[in-house]
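The figures here come from the full heavy-atom set of this structure, side chains too, leaving out hydrogens, waters and symmetry mates. All residue numbers in this chain count up from 1 along the given sequence.
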Amino acid sequence: MDVVSLVIPIAPHAAIYASKKDETNDDIRYLNIHTGSFIKYFKGHTGRVVSLEMCPTDDTFASSSLDCSVRLWDFKTTKWQVDKGHFGSFTMEYSGDIPDYYTLQFSSFGKYIVVNSGDAITMLDAFKGNEIFKKTNEDLATNEEEQRMLIQNNPQLTSLPPPQATGISSVGPSFSPDEDYIVIGTEDGRILCLDSSKGNRVYTFPIVQSGNVIAKFNPKYMMMASACQNLCMWVPGMP
């Protein structure tokens, strides 16, 4: 079973996920974690579901699919609540083949949109669609400070490795609650913090993971979680 996305809803005993069990089934499933049984099926998409997102304040969630639709659902019913066409469109500049876009996320107050294509992240003005900055894997390659951190966490290394341009986590960036920063997990275990308005790298979290790391901010509080082989919780340092 190819699990595309997993979201833990408000109920602590259940999860929703999208999977492709056969060539025709694109249902979203509401699963009881304790019993392994399905509580509900949310039917409507006719293409593979690629993203699920819970509302942090109520029992609704949104889904997007390769059938070119975005739908809003409520746990009280299995019928989608909103299935509308777009009210605006932006054209993104690219060279070569059209990339596969993995995620799109609005900032907390709706000022920015960040798009992740796996080999680059692009920050857009949410009102005008203008590109604010674009950072490729090469732009986010390891710098000298991160290389030294790598040696500190890997005593078997005797010299600084060359800069590496590894991929961005397919889960994509995450905005801080004040929308001033984004954090990005990478496939080599780094967590980077960038300024949302200019794309400058302002901080690299101490490397405590090895492999493809996911990093997400709490949407309300200045708190962050990262996951790879381990789950880590982060809060700002106190003076």
Side-chain angles (χ1 to χ4, degrees), residues 1-11 14-33 36-56 58-107 110 112-124 126 129 131 134 136-137 167-175 182 184-185 187 212 214 216 219 227:
M1 183 182 297
D2 180 20
V3 177
V4 176
S5 186
L6 174 67
V7 178
I8 305 300
I10 296 174
I16 53 172
Y17 71 88
S19 64
K20 190 75 171 178
K21 295 186 67 175
D22 53 55
E23 294 183 356
T24 60
N25 192 334
D26 294 289
D27 298 344
I28 300 169
R29 296 166 176 80
Y30 189 18
L31 172 69
N32 186 310
I33 295 175
S37 60
F38 295 118
I39 302 171
K40 290 181 180 179
Y41 292 84
F42 299 92
K43 300 177 181 291
H45 282 300
T46 57
R48 183 165 65 90
V49 176
V50 295
S51 180
L52 294 170
E53 193 72 32
M54 272 296 303
C55 175
D58 58 34
D59 290 340
T60 60
F61 68 94
S63 62
S64 62
S65 166
L66 296 182
D67 62 9
C68 299
S69 71
V70 176
R71 299 173 190 251
L72 180 66
W73 309 80
D74 192 318
F75 282 114
K76 300 181 183 68
T77 175
T78 56
K79 181 68 175 177
W80 64 84
Q81 307 300 299
V82 178
D83 178 23
K84 299 294 185 182
H86 66 270
F87 58 85
S89 62
F90 304 143
T91 299
M92 295 181 61
E93 299 293 334
Y94 59 89
S95 59
D97 296 333
I98 299 176
D100 293 325
Y101 293 113
Y102 295 148
T103 61
L104 179 152
Q105 183 183 353
F106 279 92
S107 61
Y112 304 111
I113 297 174
V114 64
V115 181
N116 174 33
S117 61
D119 60 355
I121 59 167
T122 305
M123 186 71 74
L124 304 174
E131 181 179 304
K134 182 176 183 178
T136 66
N137 289 339
I168 301 164
S169 171
S170 60
V171 174
S174 177
F175 281 98
I182 57 171
I184 306 167
E187 293 178 351
N212 193 351
I214 297 169
K216 285 288 183 180

Colleague: Between N116 and I121, is there a donor-acceptor pair closer than 3.5 Å when you use the side chain of the first and the backbone of the second?
Modeller: no
Colleague: Are side-chain heavy atoms of I182 and M123 found at a separation under 4.5 Å?
Modeller: yes
Colleague: Considering non-hydrogen atoms only, spot the tightest contact between G44 and R71 and give its length.
Modeller: O-NH2, 3.4 Å
Colleague: Hey, what do you get for CG (L31) to OH (Y41), rounding to the nearest 0.5 Å?
Modeller: 9.5 Å
Colleague: Of all heavy-atom pairs between S65 and H45, which one has the smallest distance, and what is that distance?
Modeller: CB-ND1, 3.1 Å
Colleague: Looking only at heavy atoms, what is the nearest atom pair of T60 and L72, with distance?
Modeller: CB-CD1, 4.2 Å
Colleague: With a 4.5 Å heavy-atom cut-off, do L124 and E131 have their side chains touching?
Modeller: yes
Colleague: Do you know the tightest heavy-atom contact between A126 and I113?
Modeller: CB-CG1, 3.7 Å
Colleague: List the atom of P173, the atom of T103, and the distance in Å for their closest heavy-atom pair.
Modeller: CD-OG1, 4.5 Å
Colleague: Using the ring of each side chain (for Trp, its six-membered ring), is F61 parallel, tilted or perpendicular to W73, with breaks at 30° and 60°?
Modeller: parallel
Colleague: Taking C-beta and beyond as the side chain, do I168 and N137 meet within less than 4.5 Å on heavy atoms?
Modeller: yes
Colleague: Would you say the side-chain atoms of T122 pair up with the backbone N or O of V115, donor to acceptor, closer than 3.5 Å?
Modeller: no
